[in-house]
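Along the sequence shown, the residues carry numbers beginning at 1. Remember, it's 1-based here, ligands and their atoms both numbered in the order they're listed.
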Amino acid sequence: MFGKVLIANRGEIAVRIIRALEELGVDSVAVYSELDRDAPHVARAGEAYNLGEGPASENYLNVEKLLDVAARSGAEAIHPGYGFLAENAPFAKACEQVGMVFIGPPASAIEAMGSKTRARELMKAAGVPIVPGTTEAVADVAQALRIAKEEIGFPVAVKAAGGGGGKGFRVALAEADLEAAFEGSSREGEKFFSDATVYLERYLADPRHVEVQILADSKGSVIHLGERDCSIQRRHQKVIEESPAPEWVIDPDMRARIGAIGVNAAKAVDYVGAGTIEGLFAASPDGAGDGAQYYFLEMNTRVQVEHCVTEMTTGIDIVKEGIRAAAGEPLSYTQEDVVLSGHAIECRINAEDASKNFAPAPGRIGRYREPSGPGVRVDSGVREGGEVSPMYDPMVAKLIVWDADREQATRRMLRALGEFEIEGLKTLIPFHKALLASEQWERGETCRDLMEDKQWLKSLAFPPAAQVPAEAEHAPARTYEVEVSGRRFDVRVLGAAPNGSSSDGAAAGPALRPPPRRGSAQRSAGSASSGGPDTLSSPLQGNMWKVLVKQGEKVEEGQLLCIIEAMKMENEISAHKSGTIVELPISEGAPIQAGATIATIRSAAE
Ligand code: MV4
């Protein structure tokens, strides 16, 4: 086993890896950006190195700096976590070249799975079922049209070869849509992966996203740990994951079939470590009633965000097994040792406002209390008083619960969500509470209708008390605990405290700065009109990906105005109020700073 490992990551996954290393008796080395100076992963590691300020490209993604710090600290291996350099074959090779172990699969496996066309070709040859379609690049629209008409049939999915996770994914329902889908997919592939190559798949109607966890060692042993159902997604970002899939969706026979497919896929690329085969589960392809099918979609050659639900149902520490495999040790388990028990659910607690199109809601965390009790696990990378920066992933914590079955796990999750206290910023907690209480969830549906239901999402708006009204900006609320006739109540008093007494909650524990008013898109004080401030500013720094409105246009509150791409994520920005767009100083493709004006909207009454 290694003596010391550097973690080239931040947030909850860095903390997760540090914990695994500690249990293995391995020293940990954290790295951090200037912004993360006070982050939990820094405090939690054995030693930590500042990689400097600036965007991730200058610190968490800077290969030269990482390898330099790894060498200086005496680390023998680097764990990339997920995101950042996790699926970067050149980085895995660079580690190899300087004698540093990359904790992950061989660079060749990352490369093979990185090209989705190559992966489809390899999987087909290995007998792994792939979604019907092409395994080679489609040259142009004319060829796409011929293949779609003669071989696949409409509707077809057009996907970017360099893509994955939904990037560059377009659907052509009929012949007339194909050109736009082809061009859109190709453009997005070029933009995000410098690869305009696209391929075609048959478009499956409302499939489930079902993936299987794999562990492999360097001796050739490959096992699977059962499936995860991640069908609840928003713009291809998973928000809730569970394991196993609802029992009426995947039966033991199908589970064994999916497991075998995962093992074969991993073996075909000589995989080592923890990995995931993602696939689509179609109850009845084409509605033809010819039985359920499972198709390979892509492989994630790293530990995933949602690995925790599998840890809960198997009792196997996936992160530790991955580190052991990289150190050349055999897996601690055979397939026969893997026994699935009960049901686990994970909710991603993102700093986002579901009622405003899941707008990013970075800011400073006020009071913060994590839930606990039986069957509850929280993996987080934040703490009270910490800042959630718009520079990074909005996921601040993962709440995972386990119980004997899906129904009880759901109740336990609702209980734990109720215990979770995060003040100062908006999170997906209200969204998760509402979704898990829905009939759609109870029936184990993919919930796509809910995720697109503007009215339903709007109903999840945060109570006005949480959004300090503009005129009361400097008059924070105080909370008191009182007893009335012996019964205890929490009372929240708004406005300035009398006699200049402390403005912090009398019973709210340590004095905290009033949480800054950040959130969805920020409102700056415009003209004091009935409709509130006119100016909508950008909550984050990024690139203007799409502008969906024009100056002079009338918009409704909540209407999508533009999409800002930041950290490879598309962030939807919607109108903060109804009115006419009198100013729109943004253009597609241009960079935008946090705080910069997106639009000025004047209410009709003015
Ligand atoms: C598909 C599909 C239908 N047909 N491919 C790809 C990335 C992943 N985030 C979702 N992807 C899909 N690929 C074909 N050929 C539908 C989706 C899809 C989806 C799948 C399962 C559960 C939720 C989904 C939400 C949007 C798109």
- So is K159 actually on top of F169's ring, under 6.0 Å and inside 45° of the axis? yes

- Does an N or O from L204, backbone or side chain, lie closer than 3.5 Å to an N or O of ligand 1? yes

- Note on the structure: In this structure, atom 7 (C) of ligand 1 is nearest to the protein heavy atom G166 N, 3.5 Å

- Result of checking L428, V382, I429 against I349 for side-chain contact (heavy atoms from CB on, under 4.5 Å): I429

- Query: Between N300 and R302, is there a donor-acceptor pair closer than 3.5 Å when you use the side chain of the first and the backbone of the second?
  - Reply: no

- Would you say K159 and ligand 1 have an N/O pair spaced under 3.5 Å apart? yes

- Between E201 and K116, does at least one N-O distance fall below 4.0 Å, as a salt bridge requires? no

- Residues R208, E227: salt bridge by 4.0 Å N-O rule: no

- Query: Does R406 count as lying over the ring of W441, i.e. NZ or CZ under 6.0 Å from the six-ring centre, within 45 degrees of the axis?
  - Reply: yes

- Got an N/O contact under 3.5 Å between S231 and ligand 1? no

- Please could you name the atoms of ligand 1 that H209 approaches to less than 4.0 Å, counting only its heavy atoms? 21 (C), 22 (C)

- Using a strict cut-off of less than 4.0 Å between a Lys/Arg side-chain nitrogen and an Asp/Glu carboxylate oxygen, indicate whether E211 and K238 qualify as a salt bridge. yes

- Under 4.0 Å from any heavy atom of R202, which atoms of ligand 1 are there? 4 (N), 14 (C), 15 (N)

- salt_bridge(K546, E565) N-O dist < 4.0 Å: no

- Query: What protein heavy atom sits nearest atom 24 (C) of ligand 1, and how far off is it?
  - Reply: R448 NH2, 3.5 Å

- May I ask whether Q237 places a heavy atom under 4.0 Å from ligand 1? no

- Message: Checking contacts here: is it the side chain or the backbone of Q233 that comes within 4.0 Å of ligand 1, counting heavy atoms only? Could be both or neither.
- Response: side chain

- Note on the structure: In this structure, atom 10 (C) of ligand 1 is nearest to the protein heavy atom H236 ND1, 3.6 Å

- Is the Y392 ring parallel, tilted or perpendicular to the F84 ring (thresholds 30°, 60°)? perpendicular

- Where does T446 meet ligand 1, judged by heavy-atom distances below 4.0 Å: at the side chain, the backbone, both, or neither? neither

- Nearest heavy atom to atom 11 (N) of ligand 1, choosing from Y203, F169, F281, belongs to F169

- Task: Within a distance under 4.0 Å of any heavy atom of R208, pick out the atoms of ligand 1 and give their elements.
- Result: 21 (C)

